[in-house]
Every structure is written in structure tokens, then in C-alpha cells.
Amino acid sequence: MDMRMALFRPDLEYECVEDISVSELYARGFRAVLLDVDNTLIPRSTGQMPAAVTAWIERLKASGMPCCLLSNNWHKSVLTHAEDLGLPIVYKAMKPMPFAILRALGKTGVRRRDAVIIGDQLFTDILGARILGMATVLVQPRSAVDLWYTKLFRRIERRLRREPSD
């Protein structure tokens, strides 16, 4: 596999976060989870947290595994979601830049090799994790509604995913 392509290859893929087994994350050696917000947890089309996502996060918290929200969003609504979930957040993250990811890791108290980033975008979540040598989980976006530039990146992502991986 071309090393450049490896930067965009997730370790695991699921349809949605609630399909991820918290015990499987732990069994794989992950001791903390960094979670993207928009279209990973909350559909951009509604801005409302699905009950199934809230229940999954409660299972994650009950496991004792630290979790931090990590969002590129600049709107304070993400702060409200973090407060409602009882989770720390780093927003205005500018992923894939590593600075906010490192801040989020600091909030969990876990080293990067023991944490996983879960998100819906190759160019922000997956690439940001790969820059730091972190494990990744890619989920499908919860909504087709997205920002204009995210739609452009999603087209490129689809093309990347179709490339042969010899």
C-alpha cells in the first residue's frame, strides 16, 4: 500500500458509533476515546443527539474509559452538547492539525498509543489521528447535509476509497 494512502485508511469501520462495542475497544487496548461531533454523533441535518448515541456514550462512561469530544465546529452549540453528555470537549480543533488532538488527549490523561479517534471524515479525523500515530475508527456520516467544503472533501474521499490498495 502506498504510504500516502495509509494516512487515510482507518483501522476499523462501522456504520455508526452505537454499533461499536465498548468492550471490544477495551479488548483492543484502547483506554480512551476521542469523539468527533458533527455527523459522527449528531446529524448535521437535525442538530439533535439521537437517543441511541446518548445511550452508547453512557455505556462508554460506565466502562470507566475516559472520553473527550473533539470538534472542528466553531459554534457554541457543541459546548451545550458536551455539557449535556457530561464530557470534556476541545472545539475549534482545526483537525487534522495535531494541537487540539493533543489537548483532548491531555483531558483524558491517556497516551496517544492507548487512545482511538472516532470520526466520519478521512481528511480531518483519520488524517489527524494518523499524523500522531493514533488508531482510528471511521463511521458513516449521519446525514447528507454538510458544509460545502465538507461535501467537496467527501467526493475526494469516495475516490480515494475506490483506489486499489496494492
(request) Evaluate the side-chain proximity of L34 to V116: yes if any heavy-atom separation is below 4.5 Å, no if none is. (result) no
(request) For R28 and D114, run salt bridge (Lys or Arg N to Asp or Glu O under 4.0 Å): C-alpha distance rounded to whole Å, both residues' side-chain angles, the deciding distance at 0.1 Å, then the answer. (result) CA-CA 9 Å; R28 287 180 175 272; D114 298 324; over 6 Å; no
(message) With heavy-atom distances below 4.5 Å as the criterion, would you say the side chains of L132 and I117 are in contact?
(response) no
(message) With clusters defined by side-chain heavy atoms of hydrophobic residues (ILVMFWY) lying less than 4.5 Å apart, directly or transitively, does W56 cluster with V37?
(response) yes
(message) Check for me, please, whether Y91 and I42 land in the same ILVMFWY cluster - side-chain distances under 4.5 Å, paths through other members count.
(response) yes
(request) Say whether, by atom type as modelled, one donor and one acceptor occur between the side chain of N72 and the main chain of K95 under 3.5 angstrom. (result) yes
(message) When you group the ILVMFWY residues by side-chain heavy-atom contacts below 4.5 Å and let the links chain together, are L87 and V137 in the same group?
(response) yes
(message) With side chain to side chain contact (heavy atoms under 4.5 Å, CB included) as the criterion, how do S71 and V90 come out once you've worked through the C-alpha distance, each side chain's angles and the decisive distance to 0.1 Å?
(response) CA-CA 6 Å; S71 177; V90 175; over 6 Å; no
(message) Between D36 and L41, is the side chain to side chain contact (heavy atoms under 4.5 Å, CB included) condition met? List the steps.
(response) CA-CA 7 Å; D36 175 55; L41 301 179; over 6 Å; no
(request) Using atom types as modelled and distance alone, determine if a side-chain donor or acceptor of T40 lies under 3.5 Å from a backbone N or O of D120. (result) yes
(message) Could you report the tightest heavy-atom contact between T108 and L105, atom names first, then the distance?
(response) OG1-O, 2.7 Å
(request) Determine whether the side chains of D38 and N73 contain a donor N or O and an acceptor N or O closer than 3.5 Å. (result) yes
(message) So does D11 get a backbone contact from the side chain of T136, meaning a donor-acceptor N/O pair under 3.5 Å?
(response) yes
(request) For side chain to side chain contact (heavy atoms under 4.5 Å, CB included), just list the numbers for V139 and E13, CA-CA rounded to whole Å, side-chain angles, deciding distance to a tenth of an Å, and then say yes or no. (result) CA-CA 6 Å; V139 295; E13 293 186 53; over 6 Å; no
(message) Do Y26 and I118 sit in one hydrophobic cluster, given that two such residues count as connected whenever their side-chain heavy atoms are within less than 4.5 Å of each other, even indirectly?
(response) yes
